Amino acid sequence: MHRFSRYCRESGKTIGFVPTMGALHEGHISLVNESTKANDITVVSIFINPAQFSEDEDFERYPRDYGGDIRKLRGLPRLPVDALFMPSVSDIYPDGYKTYVEVRGLSERLCGGFRPGHFTGVATVVLKLFNAVMPVRAYFGLKDYQQCVVIKKMVRDLNLDMEIVTCPTLRDHDGLAKSSRNIYLSAEQRPEAALIYRAMAEAREAVKDGTLKIEDIAPRLQETLLKSEAVTEIQYASAYDPRTLKETTEGKRFLIAVAVKIGTTRLIDNLMVEL
Ligand code: AMP
């Protein structure tokens, strides 16, 4: 990978990079399309990163469909991707591996409170992938808003000479954000999961038309989400400062973000609100 990237860069080509964990869906493909539009070379990686899963999470059973992923990337109607990078766990974390990247503060908020160590695992693997791929631009989905903020902070703090491009969330027809984990949902749970988007959109409209105060977003979201028996746990659901990720009750621009469990499946989503 390193040799390929160096060759591209020495030939004056720009590399765009889309890191993924595979089980590719239209959300991933939208990032690939952004990259192929803006760069000479597009590299996609598939690596299910054990360092970002804790013991009790779904690393072992995370969906894997390498054959399907390769077919999807080969079959893209627009420009094809130029390289698919699929390192093994021992390529990334050989025996005795000891170095981790910690983005303090931002990593502990929102999902960080429920997934300790998650963003250290993410920042570490993303930096290692950046070092292998040497992109000019890397593409991330706003569905994982906190991930975007953490990676941008790492890029700034470590003086990486590259741009992080964030891309809008692709949704199913009923609003559910596309996610590799949606396949865990049963036929009964799947329609219920659209409630996450509906609850956020409803709160956003109510704040915009002045019938809901920002400080009442959290209780409104709780109320709406708990109407469904499919929602087994609300980890967080409120309004947050988009830069600090701290809960907020004011501002012209803020993020509504939600993490819930539908049965045993943990889903996250968010919407930006601009008043
Ligand atoms: P993952 O394979 O889940 O690690 O996701 C790889 C990249 O795709 C991340 O930057 C995600 O934010 C992005 N992504 C995942 N789902 C979506 C979606 N529904 N819309 C846009 N981007 C997405």
Side-chain angles (χ1 to χ4, degrees), residues 16-38 42-53 57-59 61-66 68-70 72-73 76 81 84-87 89 92 106 110-111 115 118-130 133 135 137-155 162-185 190 193-194 196-197 200-201 242 245 255 257-259 265-272:
F17 177 41
V18 182
T20 81
M21 299 205 297
L24 300 179
H25 52 68
E26 288 93 331
H28 298 114
I29 301 302
S30 72
L31 306 188
V32 172
N33 285 335
E34 287 307 308
S35 176
T36 55
K37 270 191 265 172
T42 288
V43 177
V44 174
S45 69
I46 297 179
F47 180 66
I48 307 177
N49 176 30
Q52 69 188 67
F53 292 79
E57 290 185 331
D58 57 344
F59 174 70
R61 66 181 196 112
Y62 192 84
R64 288 164 171 84
D65 180 16
Y66 301 130
D69 289 344
I70 292 168
K72 275 186 199 143
L73 293 174
L76 291 182
V81 309
L84 172 60
F85 180 38
M86 296 177 63
V89 172
I92 299 290
L106 291 171
L110 295 169
C111 291
R115 306 186 72 187
H118 171 70
F119 289 106
T120 293
V122 170
T124 301
V125 80
V126 167
L127 180 60
K128 287 179 64 92
L129 293 169
F130 285 174
V133 175
R137 298 184 192 87
Y139 294 80
F140 289 85
L142 286 167
K143 195 216 141 216
D144 299 287
Y145 184 89
Q146 184 173 13
Q147 175 166 277
C148 293
V149 175
V150 166
I151 297 300
K152 280 187 174 173
K153 180 72 175 142
M154 174 186 79
V155 165
M162 58 177 296
E163 185 189 346
I164 300 300
V165 183
T166 57
C167 305
T169 302
L170 254 79
R171 302 180 176 283
D172 275 342
H173 57 279
D174 60 358
L176 177 67
K178 289 190 184 284
S179 162
S180 306
R181 290 194 167 97
N182 290 351
I183 64 158
Y184 296 151
L185 299 171
R190 170 59 195 82
I196 301 168
Y197 176 74
M200 294 192 302
L245 306 180
L255 189 78
V258 168
T265 304
R266 184 176 184 277
L267 298 177
I268 59 169
D269 202 350
N270 67 80
L271 281 184
M272 190 66 84

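Each ligand, and each atom within it, is numbered from 1 in the order the structure gives. These numbers were taken from a predicted model, which means no experiment stands behind them.
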Student: Taking all non-hydrogen atoms of both residues, which atom of Ala177 and which atom of Asn182 are closest, and how far apart?
Tutor: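 Closest approach of Ala177 to Asn182, heavy atoms only: O-ND2, 3.0 Å.
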
Student: Looking only at heavy atoms, what is the nearest atom pair of Asp174 and Ala194, with distance?
Tutor: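 Of all heavy-atom pairs spanning Asp174 and Ala194, the closest is OD2-CB, 3.3 Å.
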
Student: Can you tell me how far apart CG (Asp58) and OH (Tyr184) are? Round to the nearest 0.5 Å.
Tutor: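 Reported to 0.5 Å precision, the distance equals 3.5 Å.
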
Student: Might you list the protein residues in contact with ligand 1, defined as having a heavy atom under 4.0 Å from one of its atoms, sorted by chain and number?
Tutor: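 Within 4.0 Å of ligand 1, protein side: Pro19, Thr20, Met21, His25, Gly27, His28, Leu31, Tyr62, Phe140, Gly141, Lys143, Asp144, Gln147, Pro168, Thr169, Leu170, Lys178.
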
Student: Tyr62: what forms a ring pair (Phe, Tyr, Trp, His ring centres under 6.0 Å) with it, not counting sequence neighbours?
Tutor: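 If we apply the ring pair (Phe, Tyr, Trp, His ring centres under 6.0 Å) test to Tyr62, skipping adjacent residues, the hits are Phe53.
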
Student: Enter the distance from Met21:CE to Ser45:OG here, rounded to the nearest 0.5 Å.
Tutor: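 The OG atom of Ser45 is 10.5 Å from CE of Met21, to the nearest 0.5 Å.
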
Student: State whether the side chain of Asp144 and the backbone N or O of Gln147 hold a donor-acceptor pair below 3.5 Å, judged by distance alone.
Tutor: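 Such a contact is absent between Asp144 side chain and Gln147 backbone.
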
